[in-house]
**Q** 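Quick one: the structure is below, and I'll ask about it shortly.
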Protein chains: 2
Amino acid sequence: MATEADVLDRTFHALADPSRRSIVVQLTTGPASVSALAAPLKMSLPAVIQHIEVLQKSGIVYSEKVGRVRTCRLEPAPMQAVEHWIAQHRQVWEGRLDRLGDVLNTTYRRIP
Amino acid sequence: MATEADVLDRTFHALADPSRRSIVVQLTTGPASVSALAAPLKMSLPAVIQHIEVLQKSGIVYSEKVGRVRTCRLEPAPMQAVEHWIAQHRQVWEGRLDRLGDVLNTTYRRIP
DNA sequence: CAAATACTTAAGTAGTTACCTAAGTATTTG
DNA sequence: CAAATACTTAGGTAACTACTTAAGTATTTG
């Protein structure tokens, strides 16, 4: 089974490459074939396929082949996991800053 | 100058490693020294320093040395950039799904 | 001032990544 | 059915990653 950490590892890794992010952005406008995704990228088709595989392993992209055309589309869950992870920790961090004065007061009061 | 794409590249890459994410989580509870960050991790101190360097290059972490102690703390901007990037494209994607019926109608009407 | 502390630097290694070119395999289409 | 299309697989390479151990350098502390 893929743990939550594995999903975050693979999703953050998948999104760490500008070519892969541009594939994701393209897919936000709707499903697309492998060659349609490859068209704007300045690299070989096999290179694009490898990028799509990285996106698929993260779960961000799902694809199905019909005839000779493979159609790719986005899956929301992994991106939501990433967004949730960031939001969660940003909240703690921001909350901590908001209460910095209180924390200092508490700390000073604690010293006997 | 670091472009927006560079910031996203480096921030997504920095967060793609579980040890680095655990350093970030530790830092959400407040600034910490290098050895304090290293303590819960099962690896050598130089390895931890290398992880901190990756976090610093992304801008997620900032550090200052006073005496022989280096204190690390979080910087919010890069994580906000990532959160913004995801939210922005998720919005497009979700909007597209919401209007799927309309789009299909429009497409059919366009055929002469 | 010697010893302990808190990093820091250097150098090496096994594994991964991001490409490439060349040569496939199915699936349409004329 | 021959040719074009849309991938797919295989194999190679240069660069990068995530560690390691060993040997530093400052800075406190007893």
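All chains are named by letter (A, B, ...) in the order of the sequence lines, taking the proteins before the strands, and each is independently numbered beginning at 1. Bear in mind that the values here come from a model prediction, so they are computed numbers and not experimental data.
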**Q** Take the angle between the ring planes of A:Phe12 and A:Trp85 and call it parallel below 30°, perpendicular above 60°, tilted in between.
**A**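 Perpendicular: the ring planes of A:Phe12 and A:Trp85 meet at over 60°.
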**Q** Any donor and acceptor pair, going by atom type alone, linking the side chain of B:Arg20 with main-chain N or O of B:His13 inside 3.5 Å?
**A**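 At least one qualifying donor-acceptor pair exists.
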**Q** Should C:dA10 form a Watson-Crick or G-U wobble pair with both distances under 3.5 Å, which nucleotide is its partner?
**A**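 Across all strands, the one nucleotide that pairs with C:dA10 is D:dT21.
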**Q** If only side-chain N and O atoms of B:Arg68 are considered, is one of them under 4.0 Å from the OP1 or OP2 phosphate oxygen of D:dT29?
**A**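 Answer no for this pair, as no side-chain N or O of B:Arg68 is under 4.0 Å from OP1 or OP2.
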**Q** Quick one: closest heavy-atom pair of B:Ser58 and B:Pro78, and the distance?
**A**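 Heavy-atom minimum between the residues: O-CG, 3.5 Å.
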**Q** Can you name the closest pair of heavy atoms from B:Val24 and B:Leu74 and give their distance?
**A**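 In terms of heavy atoms, the two residues are closest at O-CD1, 3.9 Å.
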**Q** Just N and O in the side chain of A:Ser19: are any of them under 4.0 Å from OP1 or OP2 of C:dA18?
**A**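 No, outside the criterion.
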**Q** Nearest-Å distance, CG (A:Asp9) to C1' (C:dT17)?
**A**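 The answer, rounded to whole Å, is 15 Å.
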**Q** Starting from C1' on C:dT9, measure out to CD1 on B:Ile52 and report it in whole angstrom.
**A**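 Between C1' of C:dT9 and CD1 of B:Ile52: 15 Å.
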**Q** What's the CZ-C1' distance between A:Phe12 and D:dT17, to the nearest Å?
**A**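 After rounding, the reported distance stands at 18 Å.
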**Q** Could you pick out which residue, A:Gln50 or B:Thr71, lies toward the 5' side of DNA chain C when each is mapped onto its nearest nucleotide?
**A**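 Looking at DNA chain C, the more 5' nearest nucleotide goes with B:Thr71.
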**Q** Calculate, to the nearest 0.5 Å, the distance between atoms CG and OG belonging to A:Leu27 and A:Ser63 respectively.
**A**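 Separation between the atoms: 10.5 Å.
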**Q** Could you give the CD-to-P distance, from B:Glu53 to C:dT8, as a whole number of Å?
**A**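 Those two atoms, CD and P, are 8 Å apart.
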**Q** May I ask you to list the residues of residues 57-67 of chain A, by number, that have any heavy atom positioned under 4.0 Å from an atom of DNA chain D?
**A**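 Hits under 4.0 Å, by residue number: A:Lys65.
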**Q** Rounded to whole angstrom units, what separation is found between the CD1 atom of B:Ile49 and the P atom of D:dT17?
**A**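 These atoms are roughly 18 Å apart.
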**Q** Is the shortest side-chain N to carboxylate O distance from A:Glu83 to B:Arg90 below 4.0 Å?
**A**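 Yes, A:Glu83 and B:Arg90 are salt-bridged.
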**Q** Is there a donor-acceptor contact under 3.5 Å from the side chain of A:Thr29 to the main chain of A:Gln26?
**A**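 Looks like yes, one N/O pair under 3.5 Å.
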**Q** State whether A:Ser33 places a side-chain N or O below 4.0 Å from either non-bridging phosphate oxygen (OP1 or OP2) of D:dA6.
**A**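 No.
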**Q** Can you name the closest pair of heavy atoms from B:Leu37 and B:Pro40 and give their distance?
**A**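 Taking B:Leu37 first and B:Pro40 second, the nearest heavy atoms are O-CD, 3.4 Å.
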**Q** Can you tell me which residue among B:Ile49, B:Val69, B:Thr71 is in a side-chain contact (heavy atoms from CB on, under 4.5 Å) with B:Val34?
**A**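 When B:Ile49, B:Val69, B:Thr71 are each tested with B:Val34, the side-chain contact (heavy atoms from CB on, under 4.5 Å) holds only for B:Ile49.
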**Q** Would you jot down, in residue-number order, the residues of residues 38-47 of chain B having a non-hydrogen atom under 4.0 Å from DNA chain C?
**A**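 Result for residues 38-47 of chain B: B:Leu45, B:Pro46, sorted by number.
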**Q** Counting just side-chain N and O atoms, does B:Arg70 come under 4.0 Å of either OP1 or OP2 of C:dT8?
**A**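 Checking B:Arg70 against C:dT8: at least one side-chain N or O falls below 4.0 Å of OP1 or OP2.
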**Q** Strictly below 4.0 Å: does A:His51 bring a side-chain N or O up to OP1 or OP2 of C:dC19?
**A**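 Checking A:His51 against C:dC19: at least one side-chain N or O falls below 4.0 Å of OP1 or OP2.
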**Q** Find the partner of D:dT29: check Watson-Crick (N1-N3 plus N6-O4 or O6-N4) and G-U wobble (N1-O2, O6-N3) distances, both under 3.5 Å, and reply none if neither fits.
**A**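 Partner of D:dT29: C:dA2.
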**Q** Between atom CG in B:Asp17 and atom P in C:dT16, what is the gap in whole Å?
**A**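 Rounded to the whole Å, the gap is 14 Å.
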